[in-house]
Chemist: 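First, the structure itself, so that you have it in front of you.
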Amino acid sequence: MKDRPTVLLVGNPNCGKTSLFNELSGCRAFVGNYPGGVIEAARAGVETPDGPVELIDLPGVYRLGGASLEEKLAMDYLCRSGVRAIVSVVDSLNLDRHLYLTLQLWHFHLPVILVLNMSDEADAALLSFDIPAFEAMLGVRIVRTDALRRKGMEELLACIGQAAYRPSGYPAFRKPEYGEQTEQVLDFIAHTVESSGLPRQKEPFSYIAARLLDGNAAMVARYAEMGEEGRRLLEMIEDCRTELSRQMGLPAPEILSSKRYGLIRGLLEEVQGGDGVSRIRRSTAVLDGILTHKYWGIPLFLLLMYVVFFAAFTLGNPLVDLVRSGFDALGGWLAQALDGHPMWQSLIVKGIIGGVGGVVSFVPTIAILFACLSLLEGTGYMARAAFLMDRFMHKMGLHGKSFIPMLIGFGCNVPAVMATRSIESKKDRLTTIFVLPFMSCSARLLVFALFIEALVAPAYQSITMWGLYLFGILVAVVGARLLKSTLFRGGDETFIMELPPYRLPSPGAYLHSVWERVSGYLCKAGTFILLGVVVLWFLNTYPQPEQGGGIPDSARMEQSYAARAGKFFEPLSQYAGMDWQANSAMIGAFSAKELLVAQLGILFASPGEPDAAVHASDEEKRLDARRKISAHYTLPQALGIMTFALLALPCIATVAVVRKETGSWLFTIGQFAALNIVGFGLAVAVYQTAAVFLRA
Ligand SMILES: Nc1nc2c(ncn2[C@@H]2O[C@H](COP(=O)(O)OP(=O)(O)OP(=O)(O)O)[C@@H](O)[C@H]2O)c(=O)[nH]1
Ligand SMILES: [Mg+2]
């Protein structure tokens with residue numbers, strides 16, 4: 001295992017690395033039609049004809065040497081000692097841009113396999129390549145692949161095996177020719193750095209020289225921090241740069257990149273034939289004319305999101321009722337079966353069936369939501385949403401790059417916080433992390449679904465849900481604006497994101513990603529939530545009053561730990577419309593938002609009062625919990641509670657990941673406090689306003 005040679009998959013975002021990785025390894029890593037789908041390297045053992053290799057799927061990067069975490073991660077892997085070969089994946093239709101990264105790989109002196117992926121699209125565009133000439137000019141082996149239809153996999157495996165196990169017979173990557181003057185300067189810098197006696201860096205000297213010639217800020221800073229000798233070295237290099245820049249008539253940072261693009265142009269003129277404009281790219285242009293239109297692009301996006309919630313509700317509701325009635329029937333049956341064992345009856349029927357059932361019954365809604373979101377992601381529309389929002393977000397002090405984590409946040413805030421790694425500027429990243437919990441995650445959807453179903457007239461249900469999501473985004477955007485003009489001022493970066501063409505996602509990958517999310521939800525309900533529910537049940541049931549018999553369930557519950565905690569906050573929380581029951585549910589919500597629903601399920605569970613449950617008809621039983629909630633709360637209260645659940649109390653997993661990603665307790669605690677203060681303040685505002693307007 002340890003001495004398996006390592007082979008890296010390197011390429012621009014969205015060129016199909018993960019699709020290839022999955023095909024080669026049989027794994028099921030995440031594939032999405034938007035750049036930045038992979039934020040962490042995936043690895044798997046793969047058998048080649050020459051022996052096993054360890055294949056690593058790196059996050060997509062446009063070039064090496066940037067400051068984003070993905071670029072650092074890619075560099076880190078490239079400099080590791082066990083790496084025997086690099087698979088440079090490029091999109092056949094974007095060679096003019098994608099080969100840039102390939103040329104940078106020369107520095108590592110490793111065998112390179114150039115994979116021209118998306119060969120199906122290249123064929124459709126009547127694009128042809130003179131492969132032998134192409135191979136000879138670069139000094140690589142070239143494999144044409146179509147990852148979706150598994151074409152070229154055998155050949156690729158054979159090349160990987162050869163490069164990793166028999167490198168002596170493998171072509172050597174040809175040194176890109178930058179012209180005599182430039183090369184002399186590069187050699188001089190590399191030699192000066194090598195013989196300077198300064199600490200050895202992990203990158204090859206030729207790479208360091210190229211970065212220093214570019215004036216790469218991070219690399220320059222590294223040497224500047226090495227004391228007097230480092231600074232002397234930089235001064236010497238600066239003289240060469242100035243002189244070269246004068247001779248070439250170009251600013252120093254552009255010398256190498258313009259040379260590389262020149263090389264690529266020349267190369268493609270030799271080896272590429274055909275116009276390269278495919279049907280799919282043409283129809284993409286037409287679709288984009290409509291979907292990313294200056295004026296109706298954003299309204300269209302909002303409309304689409306509305307349709308998603310509408311579908312989740314109208315299609316989901318009857319199914320939710322069905323699942324719920326199943327749980328109620330089970331609860332009723334167990335209540336009878338456990339007659340005479342009040343503690344078990346209470347734990348199982350009220351605690352577990354009421355709590356977990358409350359969470360699981362929303363699976364249909366969640367599944368429809370995930371199915372829609374995955375489809376929008378898979379087709380490439382979500383990347384447009386980020387692009388559309390970019391203009392809008394800029395006005396708010398952020399950029400579209402922050403929007404992708406926000407979209408991910410609709411699913412779950414935890415991976416969303418991790419997805420901010422692609423944001424280079426630290427200040428922008430912290431701002432984004434700060435406001436991310438305002439994105440309504442799928443667990444919060446349950447809270448909304450519960451209250452909206454119970455208290456909002458059917459005609460207004462979807463729009464209320466949609467409004468809550470928008471409200472979350474609005475608060476996030478305003479919050480970001482405030483932070484960017486105060487605490488995290490400055491550090492703006494431009495947003496470059498290649499828009500992928502519209503594609504139909506491959507059915508396997510699509511179904512898999514929906515299933516992954518739904519099963520993740522079910523798993524959570526079966527483990528973490530189940531545990532939480534048992535704890536909640538305990539807090540709701542104990543301490544028991546002295547004389548057990550004769551006291552109604554509700555009165556008994558009012559003495560519980562949960563009720564006491566809820567009542568403790570009631571004097572304050574009542575301004576937001578929250579009574580002690582809602583408060584006690586919020587306490588559970590801190591460990592997972594689903595527990596809020598679980599707790600209300602326990603508090604308002606129908607089979608909890610076995611006598612009533614036994615005599616009620618099925619239909620009555622089914623509607624009981626919801627009816628109790630609608631009888632107990634008013635619409636303004638529901639709005640206050642939902643606002644609080646939307647904005648305040650990020651769950652414990654989010655808090656933990658924020659701490660991990662920012663490395664700062666101060667930030668984590670500050671954010672936690674701020675979210676709660678803002679959430680409570682707005683909940684009060686919403687409740688009070690609604691109470692005035694909805695009184696009639
Ligand atoms: N037509 C076609 N589509 C492909 C091919 N390979 C990948 N795709 C699609 O391209 C999109 C991106 O694929 P990924 O495998 O996620 O790309 P990636 O390079 O891993 O992307 P990042 O991780 O974001 O850098 C998906 O929609 C794939 O279905 C191919 O050979 N032909
Ligand atoms: Mg990927």
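Numbers for residues simply follow the sequence, beginning at 1. None of the values given here were measured: they were computed from a predicted structure. All values below come from the heavy atoms of this structure, side chains included, with hydrogens, waters and symmetry mates left out. Every number for a ligand or one of its atoms is a count from 1 in the order of the listing.
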Chemist: Just jot down the ligand 1 atoms closer than 4.0 angstrom to any heavy atom of G60, in number order.
Modeler: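 This gives 25 (O) as the contact atoms.
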
Chemist: Any N or O of K17 that comes nearer than 3.5 Å to an N or O of ligand 1?
Modeler: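 By distance alone, the answer is yes.
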
Chemist: Is the shortest distance from a Lys or Arg side-chain nitrogen in R503 or E121 to a carboxylate oxygen in the other one below 4.0 Å?
Modeler: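 So R503 pairs with E121 through a salt bridge.
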
Chemist: Which of the atoms of ligand 1 are close to S19, meaning less than 4.0 Å from one of its heavy atoms?
Modeler: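 Within the 4.0 Å cut-off of S19, ligand 1 contributes 7 (C), 13 (O), 14 (P), 15 (O), 28 (C).
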
Chemist: Nearest heavy atom to atom 21 (O) of ligand 1: which of L9, N14, N12 does it belong to?
Modeler: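 Looking at heavy atoms only, the winner is N14.
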
Chemist: Taking 4.0 angstrom as the limit and counting only heavy atoms of D146, give me the atoms of ligand 1 inside it, by number and element.
Modeler: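 Ligand 1 atoms under the 4.0 Å threshold to D146: 30 (C), 31 (O), 32 (N).
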
Chemist: Answer yes or no for S19: is there an N/O/S atom below the 2.8 Å cut-off from the Mg ion (ligand 2)?
Modeler: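 Here the distance criterion (N, O or S atom, under 2.8 Å) is not met by S19, so no.
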
Chemist: Scan side-chain atoms only and decide if Y178 and R260 contain a donor-acceptor pair under the 3.5 Å cut-off.
Modeler: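 Yes.
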
Chemist: List the steps, then state whether ring pair (Phe, Tyr, Trp, His ring centres under 6.0 Å) holds for Y62 with Y100.
Modeler: CA-CA 8 Å; Y62 293 105; Y100 190 97; over 10 Å; no

Chemist: Out of R43, R80, R84, which one pairs with E54 under the salt bridge (charged side-chain N to carboxylate O under 4.0 Å, His left out) rule?
Modeler: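 Passing option: R43.
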
Chemist: When only distance counts, is S119 in polar contact with ligand 1, meaning an N/O pair under 3.5 Å?
Modeler: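 Not met; the criterion fails.
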
Chemist: Does D57 reach ligand 1 with a nitrogen or oxygen that is under 3.5 Å from one of the ligand's nitrogen or oxygen atoms?
Modeler: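 For ligand 1, there is no N or O atom that lies under 3.5 Å from one belonging to D57.
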
Chemist: Measuring from non-hydrogen atoms of C15 to any atom of ligand 1, is the shortest distance under 4.0 Å?
Modeler: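 So C15 counts as touching ligand 1.
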
Chemist: Check the orientation of Y306 and W466. Use parallel for under 30°, tilted for 30 to 60°, and perpendicular for over 60°.
Modeler: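 Perpendicular: the ring planes of Y306 and W466 meet at over 60°.
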
Chemist: Test your reading of the structure: does G378 have an N or O sitting under 3.5 Å from an N or O of ligand 1?
Modeler: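 In this structure, G378 places no N or O atom under 3.5 Å from an N or O of ligand 1.
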
Chemist: Is there a donor-acceptor pair closer than 3.5 Å between any side-chain N or O of R211 and the backbone N or O of L64?
Modeler: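 At least one qualifying donor-acceptor pair exists.
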
Chemist: Quiz question: by atom type and distance under 3.5 Å, do the side chains of N216 and R222 form a donor-acceptor pair?
Modeler: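 Per modelled atom types, N216 and R222 side chains form no pair under 3.5 Å.
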
Chemist: Considering both backbone and side-chain atoms of M118, is one of its nitrogen or oxygen atoms within less than 3.5 Å of a nitrogen or oxygen in ligand 1?
Modeler: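 Between M118 and ligand 1, an N or O pair is found under 3.5 Å apart.
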
Chemist: Assess whether salt bridge (charged side-chain N to carboxylate O under 4.0 Å, His left out) is satisfied between R144 and D120, documenting all intermediate values.
Modeler: CA-CA 9 Å; R144 299 193 67 202; D120 52 322; over 6 Å; no

Chemist: For E661, what residues pass the side chain to side chain donor-acceptor pair (under 3.5 Å) criterion, not counting sequence neighbours?
Modeler: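 Partners of E661 under the side chain to side chain donor-acceptor pair (under 3.5 Å) test: R421, R429.
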
Chemist: Just let me know how T18 lines up against ligand 1, side chain, backbone, both or neither, with a heavy-atom cut-off below 4.0 Å.
Modeler: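 Both backbone and side chain.
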
Chemist: Hey, does P13 come in under 3.5 Å of ligand 1, counting only N/O atoms on both sides?
Modeler: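 Among all N and O atoms of P13, none is under 3.5 Å from an N or O of ligand 1.
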
Chemist: Would you tell me which option among R503, E121, E70, K151 has the nearest heavy-atom contact to atom 10 (O) of ligand 1?
Modeler: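 It is R503 that holds the nearest heavy atom.
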
